[in-house]
Participant: 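This is the structure, below, for whatever I ask next.
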Protein chains: 2
Amino acid sequence: MSKQYTISDLAEMYDTTTRTIRYYEELGLLQPKRIGGRRIYSDRDRVRLKLILRGRRLGFRLDEIREMLEWYDLDPTEVYQLREVIRKGDEKLAQIDEQIRDLQAVREELLELRDHMQRLLDEKTREGEKS
Amino acid sequence: MSKQYTISDLAEMYDTTTRTIRYYEELGLLQPKRIGGRRIYSDRDRVRLKLILRGRRLGFRLDEIREMLEWYDLDPTEVYQLREVIRKGDEKLAQIDEQIRDLQAVREELLELRDHMQRLLDEKTREGEKS
DNA sequence: GGGAAAATTGACGTTTCCGTAAACGTTAAA
DNA sequence: TTTAACGTTTACGGAAACGTCAATTTTCCC
């Protein structure tokens, strides 16, 4: 019994706006059903929206995200397409791995900086105790 | 003997453009010395540029990056500033940890998709062999 | 010292990702 | 039934992060 959602259900659920969701549809990232004029979102649509928003948070552009979403519903009998997706997917994986490494580097540096600040702060507060 | 760089040295070194570097200066992220009219970049400037570009790749906005850069040269005698930086740094760390988790999730999903595609492809090619 | 190469400033253009508002139709609740 | 809330399309706007082009310096090299 796949659930149904209105556009504002989803907007609230994922803390975004209806304008944004309609914009994603304009770009072809979502294709909700219509009842009358109104958009009806399935669970599949909901999951796609979730993926889109996560992708955005991670700095991917919307056309990159659209391409990756398309990988999930390509024709599984087209050998050429399969090969292409595997190749592009490997590229994306390499890119993601680098991004993770970069983030871990930033993390380390921030931790060091934090420790440094903490030591300075400790000195200062001990100094204050002496008076 | 701290090295000196021209703007195009740095542009080439980090695969960006002089326009971009000047733009970062406009926003206050870099403050190179001048000799006559021209900009001269020190090693410190170079490292800052490297950090900026890495931050950009990771999806941080330039004003976020500027704030984080400022942490490296604040007044170490100002207890309030120290506390503030530690607090903000902790926030940033939490945010980075979440980003890493998200990226690892995307990574897993891409790997699964890749395996799925690979299996489909294997079936297809075995099918071809039979003929 | 003269000309090519490199750098500078200023202005405007572009792309991405939405926000906002107008003007209108639809649905639900009192 | 009416009225408030919700949804739709269309259009324009706007910030962020640069690209591009033109008009001037500035510098380097022979």
Side-chain angles (χ1 to χ4, degrees), chain A residues 3-42 45-46 48-70 92 95 99 102 106, chain B residues 3-42 45-46 48-70 92 95 99 102 106:
Chain A
K3 283 180 186 159
Q4 310 271 84
Y5 309 89
T6 70
I7 192 168
S8 44
D9 284 346
L10 290 189
E12 191 181 358
M13 187 174 303
Y14 293 113
D15 192 30
T16 181
T17 68
T18 59
R19 176 67 181 88
T20 296
I21 296 174
R22 276 192 295 264
Y23 181 62
Y24 293 163
E25 178 178 348
E26 235 178 89
L27 297 188
L29 281 83
L30 295 172
Q31 293 111 37
K33 298 262 152 62
R34 301 281 184 134
I35 291 187
R38 345 203 93 178
R39 294 163 170 85
I40 299 294
Y41 298 84
S42 67
D45 293 323
R46 185 183 56 73
R48 285 175 74 99
L49 176 60
K50 197 170 70 177
L51 294 178
I52 295 168
L53 293 171
R54 189 181 61 187
R56 286 279 320 131
R57 283 201 311 274
L58 293 174
F60 294 105
R61 277 167 309 170
L62 291 176
D63 57 349
E64 288 183 271
I65 294 173
R66 184 182 47 204
E67 202 189 350
M68 292 169 66
L69 284 177
E70 280 165 2
K92 203 56 91 178
Q95 178 189 334
Q99 213 166 330
D102 274 351
V106 171
Chain B
K3 283 180 187 159
Q4 310 271 84
Y5 310 87
T6 71
I7 192 169
S8 43
D9 284 345
L10 290 188
E12 191 181 357
M13 187 174 302
Y14 293 113
D15 193 31
T16 180
T17 69
T18 60
R19 176 68 181 88
T20 297
I21 296 174
R22 276 192 294 267
Y23 180 62
Y24 292 163
E25 180 178 347
E26 235 177 89
L27 297 188
L29 283 83
L30 294 172
Q31 295 112 35
K33 298 262 151 63
R34 298 283 182 133
I35 293 188
R38 353 202 82 177
R39 294 162 168 86
I40 299 295
Y41 297 84
S42 67
D45 293 322
R46 183 182 56 74
R48 285 175 73 99
L49 176 59
K50 196 169 72 176
L51 294 178
I52 295 166
L53 293 172
R54 189 181 60 188
R56 281 289 311 138
R57 283 201 310 273
L58 293 175
F60 294 104
R61 279 165 310 170
L62 291 176
D63 57 349
E64 288 182 272
I65 295 173
R66 184 183 47 204
E67 202 189 351
M68 293 169 66
L69 284 177
E70 280 164 2
K92 201 58 88 175
Q95 178 188 335
Q99 211 167 332
D102 274 351
V106 171

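All heavy atoms count here, side chains included; hydrogens, waters and symmetry mates do not. Here is how names work: the chains are called A, B, and so on, in the same order as the sequence lines, proteins then strands, and each is numbered from 1.
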Participant: Please work out if A/I52 contacts a base, only the sugar-phosphate, or nothing of the nucleic acid, heavy-atom cut-off 4.0 Å.
Facilitator: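 Nothing: the residue A/I52, judged by heavy atoms under 4.0 Å, touches no strand.
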Participant: I need the A/D45 CG to A/E25 CD distance, nearest 0.5 Å.
Facilitator: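 It comes to 9.0 Å.
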Participant: Within a 6.0 Å radius of atom CD on A/E12, are there more than 12 heavy atoms belonging to other residues, nucleotides or ligands?
Facilitator: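 Not buried by this count: 12 neighbours or fewer within 6.0 Å.
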Participant: One character per nucleotide, please: for nucleotides 3-19 of chain D, 5' to 3', B when the base has a protein heavy atom closer than 4.0 Å, S when only the sugar-phosphate does, - otherwise.
Facilitator: ---BSBB-B-----BBB
Participant: Applying side chain to side chain contact (heavy atoms under 4.5 Å, CB included), run through A/Y24 and A/R56 and close with a yes or a no.
Facilitator: CA-CA 11 Å; A/Y24 293 163; A/R56 286 279 320 131; 3.8 Å; yes
Participant: Calculate the interatomic distance between B/Y5 atom OH and C/dA7 atom P; express it in whole Å.
Facilitator: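 Checked: the OH to P distance equals 16 Å.
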Participant: Decide yes or no for A/R22 and A/R39: does some side-chain heavy atom of the first lie under 4.5 Å from some side-chain heavy atom of the second?
Facilitator: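 A/R22 reaches A/R39 side chain to side chain.
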Participant: For the side chain to side chain contact (heavy atoms under 4.5 Å, CB included) test, which of B/L10, B/I52, B/L29 pairs with B/I21?
Facilitator: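 Exactly one candidate clears the test, B/L10.
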